[in-house]
Structure formats: C-alpha cells, structure tokens
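Written below as structure tokens is the structure these notes are about.
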Amino acid sequence: MPFPDLAVRVTELRGRISAAVERGGHGQSVKIIAVTKTHGPDAVDAAWSVGLHDVGENRVQEALRKMEAVRSPVRWHLIGHLQRNKVSALSRFDLLHALDSSRLADAVHAFGLAQERPVDALLQVNVVGETSKGGFALPDVPAEAGRLVGLHGVRIVGVMTMAPFDADEAILRTVFAGARRARELVLAAGHPATELSMGMSNDYEIAVEEGATMVRLGTALFGARAA
Ligand SMILES: *Cc1c(COP(=O)(O)O)cnc(C)c1O
C-alpha cells in the first residue's frame, strides 16, 4: 500500500488541529483538504481510505487526468489559480478556493448561469499585498463582495488566503486575522460565507488558532513533493 504511515499522520494532525482550536477559542470545526498535486491517483485513494474525503489540486489539467483514474468518491477542491478560458472545468469541482479577480468572477458567474447551477467559490484575499500572489486587498473586499451579490452564477461561501512562505508568527497572525475579517465583510454583504480556507503544512496550527475551517495539507500528509 502506498503512503503506509498516512493513517498515523492523520491521527497526529487531527490531534494538533483540535489543540489549536482549543487555544484559539473560535470553536470551529476544521476540515482537512488533502493536497494531492504532483502525486498519482493512489494518493487520492489512500486519502479516502483514511477518512479524508476532500482533495485539493492546484492545476486543472492534472486534476482532470487524476479524476479519470480515481475510484473513491472524494470531493474535489480547485485550490490554485484558474484561467478564465478554463472555467468550464468547474463542473468537475465541488469548490473553487481561488476566486482572485473581478474578471474571473464574471467568467465563473457566466459559467454558473450557463450550467444552471451556481458555482461555489471562496474569495481569495491578499492581506499583505504580496505581488507574487493574486487576490483582493482588504480595502477592496466590501465593494467586490457587494458587486458579487448580484452575480447569481456564483455563490461566495467563504474566504481563502495564502500566507507568505516562511513568514514569522506575527506576520502569519496578521494575514490570518485579516482573512477572518474579510469573511465578516463578505458575510455582511449578504453571502453565505462560513468557510475560512487557510493554513498549509508549515503554518496550519496558527491558521486554526485564528479560525480556519479548512486547512490545505500536502507535505504533512504525503511527504515532500518531487516536483
Ligand atoms: C501546494 C498547496 C498547498 C499545500 O502545501 P503543503 O505545504 O505541501 O501543505 C496548499 N495550498 C495551495 C494553494 C497549494 O498550492
């Protein structure tokens, strides 16, 4: 069996997540999104077999190929940037985490109308203005959230963010608390925004302390990626 220590790792991660929920005091429940990018379909089936029913992929083509080979009925999350000419792939995903621009939102809305089923998405926020990453700056969130209320092809069910790699704890807390604030703004605009997708293998405990409801874990589950 591939990934023989996966069950042990999941038990350990769930324990750490519970402890972080306690420390943070937000009382949320936390879903692990198993990030299987660069791994084969066997990683997805291994995740399913240890009770991880949500899988994250950051590239559309890789994800679609993997879906063909996977038998487990996992929920597929698209966690990476989506090009506007590939929005039709959203019919294969349960949740888009990276709604990162108004133009993409317009394209997703149009696709949701065309398929007569709104697309569930998270608004990506870029709290400290990293130019290498997409997403909305906090001051732009209220206006965009207000605009999106009128776009019935997309349903904003929460907020997603990525912290700078290797940032110190103070920066991480600023980023994650900023995303939590963004979720309040999105909720106040009238969206059913309950989810907060933040935290990866190196920073998930702080993200959970700050209120994450979804953590996206790759390395912590499957080990270092070759690519
Ligand atoms: C790869 C990736 C992750 C997982 O990263 P790890 O550090 O391996 O846990 C999470 N989120 C996004 C958007 C990713 O691309």
Side-chain angles (χ1 to χ4, degrees), residues 2-3 5-6 8-10 12-17 20 30-44 46-47 50 52-66 74-83 86 89-90 93-101 104 108 120-128 130-136 157-169 171-172 175-176 178-179 182 195-227:
F3 312 106
D5 54 356
L6 188 58
V8 174
R9 289 187 185 200
V10 170
E12 155 99 18
L13 287 163
R14 287 201 193 285
R16 288 179 176 275
I17 288 168
V30 180
K31 188 176 274 182
I32 295 174
I33 313 298
V35 177
T36 47
K37 66 186 184 194
T38 78
H39 296 290
D42 54 345
V44 179
V50 297
L52 299 177
H53 296 168
D54 292 81
V55 161
E57 287 281 331
N58 68 334
R59 296 201 175 152
V60 169
Q61 293 310 327
E62 180 183 343
L64 295 180
R65 250 184 288 120
K66 220 168 281 183
V74 293
R75 284 182 291 268
W76 294 89
H77 296 244
L78 184 57
I79 62 175
H81 173 69
L82 175 64
Q83 289 173 281
K86 291 193 181 142
L90 288 171
F93 290 90
D94 294 275
L95 182 61
L96 168 64
H97 286 235
L99 195 68
D100 57 7
S101 73
L104 178 61
V108 172
D120 282 351
L122 305 178
L123 198 72
Q124 184 175 350
V125 296
N126 188 343
V127 177
V128 289
E130 273 186 291
T131 50
S132 62
K133 294 193 177 110
F136 295 89
V157 297
V159 164
M160 178 271 218
T161 202
M162 286 174 79
F165 188 71
D166 268 354
D168 65 29
E169 184 176 332
I171 304 269
L172 292 174
V175 167
F176 295 144
E195 303 292 349
L196 201 45
S197 169
M198 58 190 195
M200 307 179 16
S201 293
N202 58 340
D203 58 17
Y204 72 92
E205 287 170 281
I206 293 171
V208 170
E209 287 176 18
E210 296 294 337
T213 66
M214 293 179 171
V215 291
R216 308 179 306 268
L217 302 178
T219 311
L221 290 169
F222 303 111
R225 285 180 291 273

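As the structure lists them, so they are numbered: ligands from 1, and atoms in each ligand from 1. Quick caveat, the model's predicted, so the values are computed rather than measured. Here, residue 1 is the first one in the sequence, and each next residue gets the next number.
Side-chain contact of Thr36 with Glu57: a donor-acceptor pair under 3.5 Å is present, judged by distance alone.
Considering only residues two or more places apart in sequence or on other chains, His39 meets the ring-ring contact (aromatic ring centres under 6.0 Å, His included) condition with Phe3, Phe222. With sequence neighbours excluded, the residues forming a side-chain contact (heavy atoms from CB on, under 4.5 Å) with Glu130 are Asn126, Val128, Ser132, Lys133, Pro164, listed by chain and number. Every residue meeting the side-chain contact (heavy atoms from CB on, under 4.5 Å) condition with Arg75, not counting sequence neighbours, appears here in chain and number order: Lys31, His53, Asp54, His77, Asp94.
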What are the distances between nitrogen or oxygen atoms of ligand 1 and protein nitrogen or oxygen atoms, counting only those under 3.5 Å?
unit_1	atom_1	unit_2	atom_2	d
ligand 1	8 (O)	Thr219	N	2.8
ligand 1	8 (O)	Thr219	OG1	2.6
ligand 1	8 (O)	Arg225	NH1	2.7
ligand 1	8 (O)	Arg225	NH2	3.2
ligand 1	9 (O)	Ser201	N	3.0
ligand 1	9 (O)	Ser201	OG	2.5
ligand 1	9 (O)	Gly218	N	2.9
ligand 1	11 (N)	Arg216	NE	2.9
ligand 1	15 (O)	Lys37	NZ	2.7

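Residue Arg9 qualifies as enclosed at atom CZ: its count of foreign heavy atoms under 6.0 Å is above 12.
Closest non-hydrogen pair, Leu123 versus Phe136, comes out as CD1-CE1, 3.6 Å.
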